[in-house]
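Just so it is clear: chains get the letters A, B, ... in the order the sequence lines come, proteins before strands, and each one is counted from 1. Only this structure's heavy atoms are used, side chains among them; waters, hydrogens and symmetry mates stay out.
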Protein chains: 2
Amino acid sequence: MDLTLTPSTEDYLKAIYEISQEKRVVRIKDLADKLKVKMSSVANAVKQLANKELIVHEHYGYIELTDKGFEVGKSLYERHLVLYKFLTQILQVEPGIASKDACSIEHYLHKETVERIVKLLDFISTAPNSTPQWMIKFKKFLETGVSECRYAKTLDRLEVGTKAKIKSIRLESTIKKRLMDMGVIKGETIKLTKKAPLGDPIEIEVKGYKLSLRKKDAKQIEIEEV
Amino acid sequence: MDLTLTPSTEDYLKAIYEISQEKRVVRIKDLADKLKVKMSSVANAVKQLANKELIVHEHYGYIELTDKGFEVGKSLYERHLVLYKFLTQILQVEPGIASKDACSIEHYLHKETVERIVKLLDFISTAPNSTPQWMIKFKKFLETGVSECRYAKTLDRLEVGTKAKIKSIRLESTIKKRLMDMGVIKGETIKLTKKAPLGDPIEIEVKGYKLSLRKKDAKQIEIEEV
DNA sequence: TGCAAATGTTAGTTGTATCTAACTTTATTT
DNA sequence: AAATAAAGTTAGATACAACTAACATTTGCA
């Protein structure tokens, strides 16, 4: 019996588990409302889950979890909770967004990754003082610390004699090909060797070669100082 | 012009950006290899991106990013990097898994969530001592701290006179309905008031009512001490 | 230069998950 | 008890993103 579930069927099973914990019975309509889909879509999914023997569903009747279904549904629900807690408690994401994000990503994360998150949550809750110092600092940092969206520095603004690493190149293909043949590639380290009076052209050194560039082209090369 | 991209087309655009930074030209074959799909699938996606004017592609020719395409592609790539760094540097996930997980979840996270992650990374890199104390502790915790997968405690093992919160219920529907009508629902607080000699039956109090339960049924009710 | 290999295109198929619309069964109301 | 409303089912349509297979073009080598 193949118990593999698609993201969509996982959603249905998780929802069945949740409703079964809140209401006396689970109906197609409840699922349609909860998942914001039409009843016919639910009917389809329910058939699949029944084929996998995770639920039992009789015509025009209620939906019930089998033992296996209960177990799987519960673990799906718990995985969701872990992600939700992580997003809200650690990353300080708003509940509404956290809930949506948890829903979308829960299907895709490896078991190992979720394990790490569980451990991080554990680590924080078992810290000597309930909220660890760093988290308090992080919260403050969130309020004040503008995550500097620094200007991307471009090659034309590099100073003569200094080195930098290439971060990205945005040039018309003929020029780009020529440069790439000389070794001007993402990650490569280059040195600005000379600048003409008005900064045009400039001369750079890469892999021992020296080559000359127009300022307008140099402007299209993003760098990162080293 | 609708610039909305599906997860799949986002992948293609990101890959085009990446290849354009590594190779002199971008071809259908390169994309097929990188994304592990057939060339015909790439052809399809390329047509869509061209329709949105994010790339230019001439018959049997190379693929080139437009200005807009470069910008979007680059930001997709950077988002991926942020997630990858987060997974490896903070959660200590293995590179291989981190890379796959980043690929899968990057399409689904809200801008705000990614922003938080950027800030957390920033916060850590700007900490006075390069690796903050708590991260060192967390790494140790990962090695030793067994994230106790404690036995789920069930109602039958609660002590007389103590209270607990209901965490989950797994019972045949007729009994479950009866209990739920009395207020035995997930999240509700209950008190164990009496236990017969061999622990069967037990009596609990919920919302003022007292009710009696078989041990075998109580065993199916998971609780959480309060 | 010419032919084979590599690369690219197109048309049509499959699988998944949604939908609409018509219909059936069950529940509720008068 | 009949009429109406609510819930559930089924068949067929649509959209997406992959696929296969047959065909077209370009490249590279003998």
Side-chain angles (χ1 to χ4, degrees), chain A residues 2-16 19-20 22-52 54-65 76 100 103-108 173 177 181, chain B residues 2-16 19-20 22-52 54-64 76 100 103-108 173 177:
Chain A
D2 178 24
L3 284 185
T4 326
L5 298 177
T6 62
S8 164
T9 45
E10 277 188 3
D11 280 338
Y12 284 101
L13 186 53
K14 187 184 65 170
I16 291 169
I19 295 171
S20 79
E22 286 154 16
K23 294 199 168 191
R24 297 213 315 287
V25 293
V26 182
R27 289 173 311 175
I28 299 266
K29 185 71 187 341
D30 299 325
L31 285 165
D33 290 347
K34 182 163 190 119
L35 298 174
K36 306 228 175 73
V37 294
K38 300 295 170 196
M39 288 201 295
S40 59
S41 306
V42 178
N44 240 315
V46 158
K47 221 168 273 171
Q48 291 179 57
L49 290 172
N51 277 340
K52 292 191 191 287
L54 293 165
I55 61 175
V56 174
H57 179 228
E58 53 190 314
H59 245 51
Y60 295 98
Y62 300 134
I63 295 162
E64 295 208 41
L65 289 163
L76 292 174
K100 281 190 209 155
C103 271
S104 354
I105 69 177
E106 62 191 6
H107 310 294
Y108 303 106
S173 54
K177 279 185 207 164
D181 285 337
Chain B
D2 177 26
L3 284 185
T4 326
L5 298 178
T6 61
S8 163
T9 44
E10 277 189 2
D11 281 336
Y12 284 102
L13 186 53
K14 188 183 64 168
I16 291 169
I19 295 171
S20 80
E22 286 154 16
K23 295 198 168 191
R24 297 212 315 287
V25 293
V26 182
R27 290 174 312 175
I28 299 267
K29 186 72 187 343
D30 298 324
L31 285 164
D33 290 347
K34 182 164 190 118
L35 298 174
K36 307 225 175 73
V37 294
K38 300 295 170 196
M39 288 201 294
S40 59
S41 307
V42 178
N44 239 314
V46 158
K47 222 168 272 170
Q48 290 180 56
L49 291 171
N51 277 339
K52 293 191 190 286
L54 293 166
I55 60 175
V56 174
H57 180 227
E58 53 190 312
H59 245 52
Y60 294 97
Y62 301 134
I63 295 161
E64 295 208 42
L76 291 174
K100 281 190 209 155
C103 270
S104 353
I105 70 177
E106 63 191 7
H107 311 294
Y108 303 105
S173 54
K177 278 184 207 163

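- Taking CG of Leu76(B) as the reference point, atom NE2 of His107(B) lies at 8.5 Å (rounded to 0.5 Å).
- For NZ of Lys100(B), the number of neighbouring non-hydrogen atoms (other residues, nucleotides, ligands) closer than 6.0 Å is 12 at most.
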Exercise for review: For Leu3(A) and Leu54(A), run side chain to side chain contact (heavy atoms under 4.5 Å, CB included): C-alpha distance rounded to whole Å, both residues' side-chain angles, the deciding distance at 0.1 Å, then the answer.
Suggested key: CA-CA 9 Å; Leu3(A) 284 185; Leu54(A) 293 165; 4.0 Å; yes

Exercise for review: Applying side chain to side chain contact (heavy atoms under 4.5 Å, CB included), run through Leu49(A) and Ile16(A) and close with a yes or a no.
Suggested key: CA-CA 11 Å; Leu49(A) 290 172; Ile16(A) 291 169; 3.9 Å; yes

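- Mapping Tyr62(A) and Asn44(A) onto DNA chain D by nearest heavy atom places Tyr62(A) closer to the 5' end of the strand.
- The CG atom of Asn51(B) sits 12 Å away from the P atom of dC16(D) (whole-angstrom rounding).
- Atoms CG (Leu49(A)) and P (dT16(C)) sit 14 Å apart, rounded to a whole Å.
- Using a 4.0 Å cut-off, some side-chain N or O of Lys47(B) falls inside it from OP1 or OP2 of dT10(C).
- Here the CG atom belonging to Leu13(B) is positioned 12.0 Å from the CD atom belonging to Gln48(B), to the nearest 0.5 angstrom.
- Note on Ser8(B): a side-chain N or O is less than 4.0 Å away from OP1 or OP2 of dA18(D).
- Atom NZ in Lys38(A) sits about 20 Å away from atom P in dA13(D), given to the nearest Å.
- Rounded to whole angstrom, the span from the CG atom of Asp33(B) across to the P atom of dA6(C) amounts to 13 Å.
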**Study point:** Lys177(A) and Asp181(A): CA distance, side-chain angles, deciding distance, salt bridge (charged side-chain N to carboxylate O under 4.0 Å, His left out) verdict
**Key:** CA-CA 6 Å; Lys177(A) 279 185 207 164; Asp181(A) 285 337; over 6 Å; no

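- One interatomic measurement links the two molecules: CG of Leu13(B) to P of dA17(D), which rounds to 14 Å at whole-angstrom precision.
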Tabulated below should be each protein N or O lying under 3.5 Å from an N or O of nucleotides 1-7 of chain D; please produce it.
residue : atom : partner  : partner atom : Å
dA7(D)  : OP2  : Lys29(A) : NZ           : 3.3

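- Residues Val26(B) and Val37(A) each lie close to DNA chain C; by heavy-atom proximity, the contact nearer the 5' end of the strand is made by Val26(B).
- Closest to the side chain of Ser41(A), from the set dA18(D), dT16(C), dC19(C), is dC19(C).
- In the interface, the side chain of Ser40(A) is paired with the base of dT20(C) through a donor and an acceptor atom under 3.5 Å apart.
- Residue-level contact check: Tyr12(B) touches the backbone only, with heavy atoms under 4.0 Å from sugar-phosphate atoms and none from bases.
- Atom CG in Asp30(B) sits about 15 Å away from atom P in dA6(C), given to the nearest Å.
- Going from atom NZ of Lys23(B) over to atom C1' of dT7(C) covers 13 Å, rounded to whole Å.
- Note that CE of Met39(B) is 8.0 Å distant from CD1 of Ile28(B), once rounded to the nearest 0.5 Å.
- The interatomic distance linking Asp11(B) (CG) with dC16(D) (P) rounds to 16 Å, in whole Å.
- One finds a side-chain N or O of His57(A) lying less than 4.0 angstrom from the OP1 or OP2 phosphate oxygen of dT9(D).
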